[in-house]
Amino acid sequence: MENNLLDLILLSEKRKNVLLLLLEGPKDIETIKKALSASATAVQPQVKKLKEQHLVVQEKNLYKLSEIGRVVAEKMKPLVDTLSVLEENADYWADREMSEIPTFLLRRIYELGHCTTIEPQIDHMFEMIPEYVKNVRIAKKLEAAIPYFHPLFPSFYLEIAEKGIPISLVLPGSVLKRWVEDYREQTEQYLKRENAKLFVCTDCEKIPVIAAADNFMAMALFPKNTVFDRKYVICFEPGALAWGKELYDYYEQRSEQIKKINNYTQVP
């Protein structure tokens, strides 16, 4: 019976999609056809097979999940969504170090939904990535963990803070040291802003770059075998925004807030 059900679901894209569609609620055959962009002759035999295996029941002209059908579909959806997220940017995920993503979030990576990759263009390698800059500048709130140094970051994030939007940054000790030594004035101006917070994390040298805003989420993982290349995934769906916020919070909670540079004497 188990093998029959596995074959029934996994060997047919249409049957799988019918089950996922009916998770939303009962549907008539016309709605199912339209949602799957398929003809009645393509859909009805698949619905019939699902009925025969007691996963779908019919009430008048509506089809809905049976109790066991709902159990199956609810368990199947996270797997399908996870595969979709990973397959969409398969080369990126395969090449990245994912161990710094906490297990409870890695298991829910399907919540990212549709994402694309962005990276510096070859003729602008020392500039910030335009799509990242554009989305940060229109954000109404920003929380970011930044495990690497870039000479434009202190002035850029000061600019964002001076717009009055709430902003919080988590930096490793080594990056904070560069900010303090080389960009002290900008760092001090940033800390004077009531809407700006700065945190130092003592064990965050290879954490993901995380930007969790109200309008987008971006993340850059360290490559497994090469130097850090500033290649990000950027996502805009509500689930991704919430997921990114949880990831940022995970590292902020492991960090110490810095309110004045002179009061912080533990910069490595």
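A salt bridge between Glu59 and Lys64 is present, with a side-chain N of the basic residue lying under 4.0 Å from a carboxylate O of the acidic one.
The closest side-chain heavy-atom distance from Tyr92 to Cys115 is not below 4.5 Å.
Under the 4.5 Å side-chain heavy-atom criterion for ILVMFWY residues, a single connected hydrophobic cluster contains both Phe104 and Leu106.
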Run the numbers on Glu88 and His114 for side-chain hydrogen bond (donor to acceptor under 3.5 Å, both in side chains), then give the verdict. CA-CA 8 Å; Glu88 188 172 33; His114 171 65; 2.3 Å; yes
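Partners of Tyr148 under the ring pair (Phe, Tyr, Trp, His ring centres under 6.0 Å) rule, at least two apart in sequence or in another chain, are Phe153, Phe228.
A cation-pi arrangement is found for Arg254 relative to Tyr250, the charged atom lying closer than 6.0 Å to the ring centre and inside a 45° cone about the ring normal.
Lys51 and Gln58 are linked by a side-chain donor-acceptor pair at a separation below 3.5 angstrom, with hydrogens and angles left out of the test. Judged by distance alone, the side chains of Thr31 and Asp28 do bring a donor and an acceptor atom under 3.5 Å apart.
Atoms OG and CG, on Ser66 and Leu55 in that order, are 5.5 Å from each other to the nearest 0.5 Å.
Ile32 approaches Leu22 most closely through the heavy-atom pair CD1-CD2, 4.4 Å. Minimum interatomic distance between Ile167 and Tyr190 (heavy atoms only, all atoms of both residues): O-OH, 3.6 Å.
Annotation: Glu185, atom CD; neighbour count of heavy atoms from other residues, nucleotides and ligands within 6.0 Å does not exceed 12.
For Lys27 (side chain) and Gly25 (main-chain N/O), a donor-acceptor pair under 3.5 Å exists by modelled atom type. Proximity of a side-chain donor or acceptor of Asn195 to a complementary backbone N or O of Ile165 within less than 3.5 Å is detected.
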